[in-house]
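Just so you know, these numbers use all the heavy atoms, side chains as well, and skip hydrogens, waters and symmetry mates. Quick note on labels: first sequence line is chain A, next is B, and so on, each numbered from 1. In this text the structure is predicted, and so the values were computed from the model without any measurement.
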Amino acid sequence: MAQKPSIPKGTRDFSPQEMLRRKYIFNTIERVFQKYGFLPLETPAMENLETLTGKYGEEGDRLIFKILKRGADLDRAVQEGSKSLAAEALRYDLTVPFARYVVQNQHEITFPFKRYQIQPVWRADRPQKGRYREFYQCDADVIGSKSLLNEVDLVLLIVEVFQALNLNVKIMVNNRKALFGFAQYLGVEDRAVEFITKLDKQDKIGDRIFDELLDEEFPASAVEKARMILSESILGDYESRVGRFDYLMELFVQNTNDLGREGLQEVRFVLDSIKPHLPRTGPGLTTEFNIALARGLDYYTGAIFEVKALEGSLQSSICGGGRYDDLTGIFGLKNMSGVGISFGADRIYDVLLETGKFPAELGGSTKLLFANFGEAEAMHCLRLLRTVREAGIPAELYPDAVKMAKQFKYADDKGIPYVAIIGENELKQGIVTVKDMKSGEQKAVEQDALIDLLR
RNA sequence: GUGGUUGUAGCUCAGUUGGUUAGAGCGCCGGAUUGUGGUUCCGGAGGUCGCCGGUUCAAGCCCGGUCUACCACCCCA
């Protein structure tokens, strides 16, 4: 019995039309990556399980797709009642495999090492709009340099990508040191990560985060202090809330909170440095400090970035990143700071589609279709076809001598702009009739003039 | 991983308190037009009503399970 064809939850097929649009995104991002001096890298779809576990926090570990052992290994693991029925797993992101690669190849690599990587990743998440179980990340990382100029360059890269994609975005910048400093100031440094994660939700649930902090038994005095500094109802709208930078800086200086002060200084350096280089034209763009930006991944230690679209209904981030000081340490390479960003191509696709921002002429490659009138005519077309192709014009010959309506419909469906007609008459006269599919006009020219007409 | 909503033609959706042969628009195929698509007119094909089970004389409709998409958590690109 035939089974109903289907694909796993959270995965998708991409039709030719969708692929043309996806490639437009990938090509745009890749072009900018290369322009900024990043070199391509690919790593395997699967890694050893132990390479991935423990790098993404407790929640992250749960979402790793594990690969079941096979054959005798599996039998043994089951028999022994072992908990490790998997020894390998699909990659969860591109950053950890990159860190693994750097450590493994440290003697061959010239530092600072700038690589980009555009590959799918897998997460055993429950799918939703804009959340897939298989999706592409487009990463660019610089490892082996502590300079904040890398942060600056990456923010400018982000700006350039979204300018090229003609999308309005908000780029938010924060710093883990500022966040930990803030936690210190509140006296909750022992639960700093938990606190910071909660802070990150303010964008979404607003002042209810303070209630949730109390629910989770953070000291009331600390929560009240946080409320005085962050509360939307006290500070008003979002714009004045992000203007808290100076206030926080003063607070950290007064309390000789060096960590927090250092974090804010870094933020200021990055934002001040990019300012003169932001484009004056093109799509709308905001870059701003946001103390309530935290990001979930455990390994960030310095700057953190997040980008959200200002158009369309997707509220989740379409690009994110940050600095990690010790990602390679766990693989045995100390003192190797890195900073990177990751574009979510699938989400960018969803936003561009919804907002109608894809360029109109992403049609297929074929520029000219030769209509097929039968064997003799087709053989003649074959010669012309070669000449046209040699001139660098993508062209094809309809393979069957079916009626014209069907052949023209084929050209129409495929978005082929020109159709060359060589029937009995044209063959006799040594000419070719070329139809412009968009205007509907057609004219007869000498066959030698065909290429010039198409240019 | 927790809770919820959903599923009818390729697509978007109708379908009465459960009642005989499940409809529409768009798309698709054929014809009007044996050398012309996108517009027009005429005709046609296409459904195990997501899947499995239950209740009932009778289920697209009620009940249970399951899968999918989606929503809220969780987390994230």
- Atom-to-atom span, CD of A/E134 to P of B/A69 - whole angstrom: 13 Å
- Query: Do the side chain of A/R131 and the base of B/C75 come within less than 3.5 angstrom through a donor-acceptor pair of N or O atoms?
  - Reply: yes
- Message: Less than 3.5 Å apart, any donor N or O on the side chain of A/Y410 or A/K414 sitting next to an acceptor on the other?
- Response: yes
- In terms of ring plane angle, is the pair A/Y324 and A/Y299 parallel, tilted or perpendicular, where the classes change at 30° and 60°? perpendicular
- Query: Taking the same atom, C1', in B/U6 and in B/C42, what whole-Å distance lies between them?
  - Reply: 39 Å
- Task: Would you tell me if any nitrogen or oxygen in the side chain of A/K9 comes within less than 4.0 Å of OP1 or OP2 on B/U68?
- Result: yes
- Under 4.0 Å protein heavy-atom contacts per nucleotide of nucleotides 34-40 of chain B, with B for base, S for backbone only and - for none: -BBBB--
- B/U8 and B/G3, which share atom name P, separated by this distance in whole Å: 25 Å
- Message: Distance check, P atoms only: B/G60 and B/G19, in whole angstrom units.
- Response: 9 Å
- Of all the choices, B/C74, B/C70, B/A77, which nucleotide is nearest to the side chain of A/F135 once you look at every atom? B/A77
- In terms of side-chain geometry, is the basic nitrogen of A/E212 or A/K201 positioned less than 4.0 Å from the acidic oxygen of its partner? yes
- Query: Just how far, in rounded Å, is P of B/A72 from CG of A/D125?
  - Reply: 13 Å
- Are side-chain N/O atoms of A/Q119 and A/Y136 paired as donor and acceptor at under 3.5 Å? no
- Checking A/K435 against A/F408: charged group under 6.0 Å from the ring centre and within 45 degrees of the axis? yes
- Whole angstrom value for the distance that separates C1' of B/A77 from NZ of A/K170: 17 Å
- Watson-Crick or G-U wobble partner of B/U56, both distances under 3.5 Å: none
- Task: Using the P atoms only, state how far B/G25 lies from B/U66, rounded to an integer number of Å.
- Result: 39 Å
- Task: Please work out if A/C138 contacts a base, only the sugar-phosphate, or nothing of the nucleic acid, heavy-atom cut-off 4.0 Å.
- Result: nothing
- For nucleotides B/U5 and B/G10, find the distance between their C1' atoms and express it as a whole number of Å. 25 Å
- Message: Expressed as a whole number of angstroms, how long is the span from A/L165:CG to B/A77:P?
- Response: 19 Å
- Query: With rounding to whole Å, what would you report as the distance between B/C63 and B/G18 at their C1' atoms?
  - Reply: 13 Å
- Message: Both conditions, 6.0 Å and 45 degrees, for the charged tip of A/R123 above the ring of A/F65: are they met here?
- Response: no
- Counting only Watson-Crick or G-U wobble pairs whose two distances fall under 3.5 Å, which nucleotide matches B/G44? B/C28
- Task: Have a look at A/K204 and say if it touches a base, only the backbone sugar-phosphate, or nothing, with a 4.0 Å heavy-atom cut-off.
- Result: base
- Task: Quick one: label A/G10 by what it contacts on the DNA or RNA (base, sugar-phosphate, nothing), any heavy atom closer than 4.0 Å.
- Result: sugar-phosphate
- Query: When the C1' atoms of B/G50 and B/C67 are considered, how many whole Å apart are they?
  - Reply: 8 Å
- Distance in angstrom units between A/W122 CH2 and B/C75 P, rounded: 25 Å
- Item | Value in whole Å for how far the C1' atom of B/C76 lies from OH of A/Y56 | 13 Å
- Item | Flag, side chain of A/K69 to backbone of A/E88, donor-acceptor distance under 3.5 Å | no
- For A/L293, does its backbone N or O pair with a side-chain atom of A/D200 as donor and acceptor, under 3.5 Å? no
- Query: Just how far, in rounded Å, is P of B/C76 from CZ of A/R91?
  - Reply: 20 Å
- Query: So which one's nearest nucleotide on RNA chain B is more toward 5', A/A345 or A/Q128?
  - Reply: A/Q128
- From the options B/A77, B/C71, B/C75, select the nucleotide whose nearest atom is closest to the side chain of A/R126. B/C71
- Would you verify whether the NZ or CZ of A/R115 falls within 45 degrees of the ring axis of A/F38 while also being under 6.0 Å from that six-membered ring's centre? no
- Message: Measure CZ/A/R133 against C1'/B/C70 and give the value in whole Å, please.
- Response: 15 Å
- Message: Would you measure the distance from the P atom in B/C52 across to the matching atom in B/A14 and give it in whole Å?
- Response: 24 Å
